[in-house]
Structure formats: structure tokens, C-alpha cells
Amino acid sequence: MSIISFSEATLQAMIEEMERDSTVFVMGEDIARQGGIFGQFKGLPDRFPGRVLDTPISETAIIGSALGAALTGLRPVADMHFADFISVAYDELVNQIAKNRYMFGGQADIPLVVRAPDGIVPGAAAQHSQSVEGWLMNIPGLILVSPSSPATAKGLLKSAIRSNNPVIFFEHKLLYPQKGEVPDKEYLTPLGKAEVRRAGKDVTIATYSIMVQKALEAAQTLSREGIEVEIIDLLTIKPFDLETIVTSVRKTHRCIVAHEGVVHGGAGAEIAAQIQQEAFFHLDAPILRVGTKNVPIPFSPPLLEYVAPKVADIEKAVKQVLYREEN
Amino acid sequence: MGVRIKEFPNAFLELTSQGKKELLRTMIRIRSFETRVEELFLAKRIPGFVHLYIGEEAIAAGIMANLRKNDWITSTHRGHGHALAKGAQMTRMMAELYGKRSGYCKGKGGSMHIADFSVGMLGANGVVGGGFTIAVGAGMTAWMKKTDQVAICFFGDGASNRGTFHEALNMAAIWKLPVLFINENNLYASTTPASYGVAVSRISDRAAGYGIDGYTVDGNNVVEVYNVSHTLIDRLRSGKGPILLECRTYRVKGHYVGDPEKYRTREEVKNQAEENDPIKRYTSYLLEHSFIQPEEIDLLWKEAKEEVEAAVRYAEEDPYPEPDEAIQDLFSSDQEVLV
């Protein structure tokens, strides 16, 4: 095991996969000269000349050309700078990439990865803070993943690059500097499989990305009060690992879903709906969701504090499904 | 058309008589296919809606005669002609128009989504302007793998107003990608005249905004299209970067079959169909120069008709897909388990 940052973990994944397969390349804004605005590409251009491309500010062309390159024999990794800018390339993602394989009868594989740094950074405000997986949950043909730690970032990015399907890799910006243990030997984190981060008998928390940490923090406080939560780190948001969640819910009979995206119409809505469909008679309480309030992310610290999901929100929701606190 | 056409060598004259005939064959095959498709649509044999390439055949024929099988094209909603000229099979395309199982997309695409990746036809596109960036990506593959393949992006006058046009041309230009952007200016974006919706009188003038060359040719003159694209495609292969070629043409049929066409006069259409038909023009030219005999022309029409009828029989007899095939083909098999 080595202790490295989330950012370094993604860099290791890039290096290993680019060494392994000469058709892998990466393009995006400010990634070659600058090394990525979060330093996540530092040193990569020297190691792989001609395969780390600075692009103009042209998200539409970045994502669209990634599709063209994927269809003709390359394995592009396209960096979106900020996940928020996916909207600029929405047609390319939704009408071209997601539909290409199906619409043409399965003629071509689409081995491409879109890296999308997402999540709330204090002060970044409405257009640089979103978690946008909800925008894409409703689109058949895309795989959405979101690691929670250096180890899962590395393993998932490697799997995403090797996948022959389009994968959107949501990486929370506040996770980049965080350090954690990463295995020294090569490994892959499978797409579509959740991991149980903490075992507990009272309430299941299905969550992903940075909210896994918040759930773990909440778990400590709750434990002191005699409540043991089970935390499931989804890792893949779509298609998510329903089986692992339901197995847990059959044991705990209570569940909350926590993510940083807006609650209304967010990924948690689909996750909760499928859990209740699969495990209704095991549930002793309605499934509650924790996430951002139904407004854009505001700038000023007290406003942000009010809107963003916090550790205390998770604790409260857990107590609510245990009927220890009023709704 | 004002193109400085004389700077382009007359490569056409170097074509064998077979090569000259092939241009005509391609145009006649497209025309015969499209004419029959219109009938079949009106007879309700083909569902959905279809956009016909009638009157624009010289562009697909002239360009594609300069391509290799491993070159790539991106096409449009009016894409049957591009597919045929690039080497797609008429039978499988017709079957797709019918929504049948052995169609190119197994019935999942229809007229607007014909693709044949095995011959470098990267797909028609239901989104106007959707092909620009895909063609740029194909150009990137040639660039990064250091091959001399080229990517051809067909698009209409309407698509030249999309933001994708701007991003794609700029990106192709900065990296000098081997992409030929072929504007098929058929004077109408759906129902909106190009004279109203396009701020410049020549779409090729927009090339200046990207520091690349732009040309306008008579898109209904297959010899001119062939000659100009012959030189331009050679330039692409030698790594000189992207080029914009505007081919002026005319959409003889409506935007779609059934279009009431209230935006233009019948007289305008009649004049164009009679005076500016690319097949008539090329046929006269060939006969005038004794490059072909009248009976050879008759034979080409007869063969095309037979080929189309065989494709119709194939499509009629082909079964529909099983309903539950609707949930297949979304993901590559390595993830099929996750659907």
C-alpha cells in the first residue's frame, strides 16, 4: 500500500492505461501546458508526447470529436474542466454518444471516458459547483461512475478506460488533494459494483462520492448514540448495484440515500424508487433522501451552508427513519 | 460559379472510360433508389419519414469517387446517397427503411440513421450539424495514427449555422486535421431559404474565419465536383489541413416526402429539375464527347432498376425484428450484463 492523493491516483491510472494501450489519449482544456486546473494531469504530456492534447475552449468539439475518435479506433479520455460544462456538449453526449451504438444496431463500440470534475467548492457558485449526474440518469446508453477515495478513483478510472462503452467519470473537486491508501499491485475496480464501507444493523445509507465521507462522519456520532448505520458506496451511479443495497436493507429495514446533487429529480429518486420496488415489505420506514436544496448553488458562505447537504442532515435523516426525530 | 476552377487539374480526363461510367452509375443508382423510396413511402410500405437526395447526386458521386474504402464520411438526415456512393449495400439500407431485421441498424434506426462502419460510413444524423465534430474525431484518428486516411463531413446550408460548425472547423484547423467539410448548399434549410438564414452569400467564405481554404463549385456538375475534390483530397492526404468546399445544388423534392412546399414556386422547381438536373447534364456531356454510347446509358438505368427491385423484394421478405430485440445493442457485450 502507498499513501497518495486522489489526484495522484487518477494520474497513476492514466499512466498505467496509456502505457498499456497506445490508442488511449486525453484531451481537454488546460491539461497539457497547465497539467490540469487541479494538477491531475501533471507530467503526463512529457511522458506521452502527442497524446495529451490541449484543446480550445470548445466543449462541444471535445466531446463530439471524442466520439469520432472512438468510432475509428482510438480510446479517448475527454476532460470537461468542470462537470457543469457538460451542458455545452449535451447534444454530443445525449444524442450522439449515448445513442450511437443502439441507433446503428450495435455496429460500433464507443470506448470513451468523459472526466467530469464536479461538486461543491465553497465560493465557486452556481456554474462551477454542480453535481450533474441527475442530468444524465435519464439517458439510456451512458455509464456514470463516481469514486469516493484515491483507491476507488484509480481502480474505476482504469476500468472506465478499458470499457468499450461510454463512461462519465464524476470526480469531486474537493477530493483531489485528499490522501488515502492505494494498493501497489495493479488492480481494477469493477463498474456496476458497490462496496460496503461500514457494516451496521440499524439503517442503510446508500451514497457515493464525497458524501461517503460525510456518511462516515455521521456514523461516528450516531454510533455514540447507539445507532449503527451500514454505509454503501455505490461507486457506479448508473447502472447502480441494487442487489448490494437491497441485501443491506433486508437486514436494516431502513434506508436513506445521500448525494450532493439536487434532491428533486436527482439520482436518489431513482435509487429510492428501485429499492422500494424490490424491498417494500422489508422496509419499516419511507426511504429518505439527503441532497442539495432545490436552488442553484449560491456564492455567499451562509447561503451555501444553508443549501448544501451536511453531516447533520444525514444524522437527522437517519433518526427520522428510526422515528427518533420528527419529519 | 466563380470558383477559380482553372487552378484544379482536369483529373476527370485521366479517368478510364469505366471510371467515367462509374460516376454515372452511382448517380443513377441513387436516383433510382430514391425515386422508388418515394413511391414506397407514399404507398405506406415505409414508415416514418424520408428525406430524398434527388437532384444532389453529383456531389456524393463526385466526392466518393476520390475516396478509399478506409476513408470516413459523416452524413446527414438526407443520407441515402452518401451511403450508396460510399459502398453501403442497397438491400440492407432498404431493409432498414422498412424497419426490418437485416437492415443496417436491425430496425433501430430507419432512414435518418443509416450507417455502415465496415465501409467507413460513420452514420447519417438526425441532428442537423451533428456530424461536424464526429468527422473531426475521425480526422484525429488519422492524425494520431499517422495514416493518410481522410474524413469527409457532409452538411447542409442550414447546418452551417450551428455552433458545431464553428468549433469543429476551428479545432480541425489548429491541428491541421485531414477533414474535408462538404457543404451541400441545396438552398433550403428545411423550409427556410439560405438567402434568408445564412448571413453570407457564399458559405465557403466562412472558411476565412478559420484560416483555411474555401471553395464553391457547381454541385450539379459531377465533373467539376470530381476534379476539385480530387485535388483537395490529395491535399488532405499530404497533411495540409482541413478545407471547406461548398457545392451549390438544388433540392428537387421537398424537405421530406409530403412537404407541401409553400416556401417556393412550382415553376422554380420545374426549371431546376429540367435545366439543372445533374444526371441529365452529365449524360449530355458524356454523349457529346463520345465517352459513352446511348445503349450503355440505357443499360445503366435498367441495371439500377433491377438492383432496386431486388432490394425491395429483400426488404419485403425480410422479417421484422422480434419485439424484445428492442432492448439489445445498447451496450457493448462487456457491459451487457449491467443493462
Side-chain angles (χ1 to χ4, degrees), chain A residues 22-23 25 27 50-51 53-74 76 88-89 91-92 95-112 140-143 162-167 190-193 236 238-241, chain B residues 72 74 96 103-110 112-118 120 122-127 129-145 149 151 162-164 166-172 174-175 177 321 327-335 337-339:
Chain A
S22 65
T23 64
F25 76 101
M27 62 173 158
R51 290 167 66 193
L53 305 176
D54 271 335
T55 65
I57 300 179
S58 300
E59 286 81 6
T60 306
I62 295 167
I63 298 290
S65 65
L67 171 60
L71 292 175
T72 51
L74 297 178
V88 180
D91 182 67
E92 279 55 42
N95 279 328
Q96 310 296 342
I97 289 170
K99 295 187 175 46
N100 189 291
R101 193 173 198 283
Y102 182 86
M103 174 168 88
F104 296 136
Q107 288 190 52
D109 289 341
I110 324 277
L112 71 81
L142 299 176
I143 293 169
R162 290 191 199 181
S163 169
N164 284 328
N165 294 305
V167 179
L191 303 179
K193 289 267 177 280
T236 299
K238 185 183 181 182
F240 59 87
D241 182 356
Chain B
W72 301 287
T74 62
E96 187 58 38
Y104 267 115
C105 317
K106 305 180 194 168
K108 295 187 170 88
M112 263 193 292
H113 304 293
I114 303 294
D116 183 351
F117 288 80
S118 71
L122 300 182
N125 211 306
V127 178
F132 291 118
T133 60
I134 298 172
V136 168
M140 286 176 74
T141 297
W143 176 53
M144 295 185 79
K145 288 191 167 179
Q149 286 160 285
R162 285 286 319 279
T164 47
H166 175 69
E167 292 197 13
L169 268 74
N170 183 66
M171 196 181 263
I174 64 162
W175 289 332
L177 300 180
I327 56 168
Q328 295 172 3
D329 294 322
L330 186 61
F331 287 118
S332 175
S333 54
D334 71 345
Q335 250 90 44
V337 63
L338 297 176
V339 178

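We name chains A, B, ... by the order of the sequence lines, and we start the count at 1 in each one. Everything quoted here is computed from the prediction, not taken from an experiment.
At a 4.5 Å heavy-atom cutoff, the contact between Ile62(A) and chain B is made by backbone and side-chain atoms alike. Residue Ser22(A): no heavy atom, backbone or side chain, is found under 4.5 Å from chain B. Of the atoms belonging to Ile174(B), it is side-chain heavy atoms, and not backbone ones, that fall under 4.5 Å from chain A. Looking at Ala135(B), neither its backbone nor its side chain comes within 4.5 Å of chain A, counting heavy atoms on both sides. Contacts between Ala124(B) and chain A at a heavy-atom distance below 4.5 Å involve the backbone alone (N, CA, C, O). Only the backbone of Leu142(A) comes within less than 4.5 Å of a heavy atom of chain B; no side-chain atom from C-beta onward does. Contact of Asp241(A) with chain B is not made at all, since no heavy-atom distance falls under 4.5 Å. Residue Met140(B) touches chain A through both its backbone and its side chain, counting heavy-atom pairs closer than 4.5 Å. Contacts of Glu59(A) with chain B are made by backbone atoms alone, with heavy-atom separations under 4.5 Å and no side-chain atom involved.
When every heavy atom of Ser65(A) is checked against every heavy atom of Val136(B), the shortest pair comes out as CB-CG1, 3.9 Å.
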May I have the step-by-step check of side chain to side chain contact (heavy atoms under 4.5 Å, CB included) for Val127(B) and Arg162(B), ending in yes or no?
-> CA-CA 10 Å; Val127(B) 178; Arg162(B) 285 286 319 279; 3.7 Å; yes
Can you check side chain to side chain contact (heavy atoms under 4.5 Å, CB included) on Thr141(B) and Phe25(A), steps first, answer last?
-> CA-CA 11 Å; Thr141(B) 297; Phe25(A) 76 101; over 6 Å; no
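Residues Ile110(A) and Leu71(A) are in side-chain contact: their nearest non-hydrogen atoms beyond the backbone lie under 4.5 Å apart.
Highest contact tally toward chain B, considering only Asp91(A), Asn95(A), Ile63(A), is held by Asp91(A) [criterion: heavy-atom pairs under 4.5 Å]. Comparing Pro166(A), Pro111(A), Ala108(A) by how many heavy-atom pairs each has under 4.5 Å with chain B, the most go to Ala108(A). When each of Ala70(A), Ala61(A), Gly106(A), Ala66(A) is scored by its heavy-atom pairs under 4.5 Å with chain B, the top score falls to Ala61(A).
To the nearest 0.5 Å, atom NZ of residue Lys108(B) and atom CD of residue Gln328(B) are 6.0 Å apart. Distance check: Leu74(A) CG to Trp143(B) CH2 gives 11.0 Å after rounding to the nearest 0.5 Å. Within the model, atoms CE of Met171(B) and CG of Leu169(B) stand 12.0 Å from one another, a figure rounded to the nearest 0.5 Å. Between atom CG of residue Leu67(A) and atom CD1 of residue Ile134(B) there is a gap of 4.5 Å, rounded to the nearest 0.5 Å.
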